[in-house]
Amino acid sequence: MVEHIVHSVPNPVLPGDHPDPSVVRVGEDYYVVTSTFQYFPGVMVHHSRDLIHWRPIGHVITRRSQIDLTGVPDSHGVFAPDISYADGKFWVVVPFFHGQPRCTNLLFTAERPEGPYSEGVVLNHHFIDPSIFHDDDGHRYLAFGGGWLQELHPDGSRLFGDAKQVWPGTGGNNPEGPHIVKRHGYYYLMLAEGGTRFGHMETLARSCSIWGPYEPCPHNPVLTQTDPNKPLQKAGHGKLVEDTKGNWWMLHLGGRPLTPNGSTPLGRETFLESVRWTNDGWFEVGDGGSPQEHVHVPLESGQEPILVEAETDRFDEPELSPVWEWVRHPLEGSYTLTGNGLELECSPYPLYVPGSTLLLTRRWEHFCFEAHTQLSFVPQSLGDEAGLVLYRDMDAMLLVSVRYGIGQTAGQKFDAARLHEKQEDDGLYLQIDRSEKCYRHMLYREKLDMEPGADLWLRTQLDAESQQFTFAISVEGVEYRELELSVSAEFLYPEHFARFNCFTAPRVGIFARGVLYQQHGKVLFKQFTYRGNS
């Protein structure tokens, strides 16, 4: 007999930039997909056996032919996906928000949760946040934002019949994220209302027919946060799942602001709530309809929660770890996993145009963290650069780079008042730039006493209390020299967007970049370590 022990687990269960979760259980395994917007590969897939320990296993969108993100603005692209399982395969429906004029809903299928997934089947051009409900009578339906419903052909090839709005919600704005559950003869339809920021909520209605009429739950919203002083905010966009013991749970998005109604450095994260069915056939979520700071989960003996604070990637596998995502598509032919590290060519691309890049990112998962990388840089042309990046979007990033040369040829400004003076130099330089609103401001520069190809370690740290980044370098990876510079992280936070609503959280990663019409150097990243300090 397996012994189960109830553990108190802190929320969120998927910290960092993991919004709009959709969950499915297949046997004893759970799978979650989340939104990825302009990042590629798209639609990250996580696996768990207990709803607490989640491991990324792959992505749904792994080929440009499935969804081309070229030209897609920041915080557009892959919106809230949904995962389900039927007829021996996984069904993932994805809203591609491209603004032409609005959204296309695409269906991808695979026999394995990690893929590879099929090419997309275009289902409709309508509202965002589609989900598939597989009824027990063999019929399938596509629900999408606004409480709309349309029948899906059994083979998933097309929609047919008329689309009908079966329940618009309780009157909150942006009724999105519909999910349907069938239990004891009732169809339960859930919607996320109020927008994805403060005031977000989950509402519920039920009907004996999938087409309605739907009766709203008498204690709507079933999940929201009404106290601005609580640490967990923005609760909504939830989906139910039943575990192997008959217990019900909800995974939903939320955020943890630094101050009441303030910035959320980690963006929208994935939270777990307990669900209790009531005698009158409705259900209650979390702590009386509020998100739980700690959720009580029965775990088998020996499966106690494990906190992983540090991860080191030596880039020695045949493929990149699923934790990594490029800003849109990587430049073709410009990166190679050599077995000794990740080699990036210093290919040219603009930082402020929504095209292909060599910006490789992973999520922040802690309010306080450090990241460091070991690299070997062999430039070919003045202006080649590579290093660490702290990235929110095209309008906000910090670049910690080793660059070859300074001056006009290398992309720097010159001083028109300095006559008959040389203002350009070759050699290697360490430079830190704050790039904001399509303008790059140099914050720090020093010449490096090292040869091209020598190993160098770059490190950045974010302090939770001051919300300041600090920086350091090392030539052997043990003793670091701190730089006399600190930079506020606040301009990277989602609430400080410049042009578009920002639905993504800042990330940390590596990059390389070169000069148009010139020979391209290369950089070999030999390792990258992320260490959280909760």
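Computed from a predicted model, the values in this text were never measured in an experiment. Below, each value reflects all heavy atoms present in this structure, side chains not excepted, and no hydrogens, waters or symmetry copies. We number each residue from 1, following the sequence as shown.
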(message) The criterion is ring pair (Phe, Tyr, Trp, His ring centres under 6.0 Å); which residues satisfy it with Trp167, sequence neighbours excluded?
(response) none
Using side chain to side chain contact (heavy atoms under 4.5 Å, CB included) as the criterion, list what pairs up with [X], not counting sequence neighbours.
| X | answer |
| --- | --- |
| His219 | Cys217, Val222, Trp282, Glu284 |
| His126 | Asn124, Phe144, Trp148 |
| Pro15 | Pro12, Arg256, Glu269, Glu365 |
| His98 | Phe96, Gln100, Thr104 |

Pairing residues for [X] by the salt bridge (charged side-chain N to carboxylate O under 4.0 Å, His left out) criterion, not counting sequence neighbours:
| X | value |
| --- | --- |
| Glu370 | Arg531 |
| Asp87 | Arg140 |
| Asp29 | Arg49 |
| Arg63 | Glu119 |

(message) So, using side-chain hydrogen bond (donor to acceptor under 3.5 Å, both in side chains) as the criterion, who are the partners of Ser48 when residues are at least two apart?
(response) Asp50
(request) Sort and list the pairs that fulfil salt bridge (Lys or Arg N to Asp or Glu O under 4.0 Å) and have at least one residue in residues 206-224, not counting sequence neighbours. (result) Arg206-Glu215
Please output the side-chain donor-acceptor pairs of residues 183-201 that fall under 3.5 Å, not counting sequence neighbours, one pair per line with the distance.
| residue | atom | partner | partner atom | Å |
| --- | --- | --- | --- | --- |
| Tyr187 | OH | Asp135 | OD2 | 2.6 |
| Tyr187 | OH | Lys182 | NZ | 3.1 |
| Tyr188 | OH | Gly281 | O | 2.4 |
| Glu193 | OE1 | Thr170 | N | 3.2 |
| Glu193 | OE1 | Thr170 | OG1 | 3.1 |
| Glu193 | OE1 | Gly171 | N | 3.4 |
| Glu193 | OE1 | Gly172 | N | 2.7 |
| Glu193 | OE2 | Thr170 | N | 2.9 |
| Glu193 | OE2 | Thr170 | OG1 | 3.2 |
| Glu193 | OE2 | Thr203 | OG1 | 2.6 |
| Thr196 | OG1 | Arg268 | NH1 | 2.8 |
| His200 | ND1 | Lys234 | O | 3.0 |

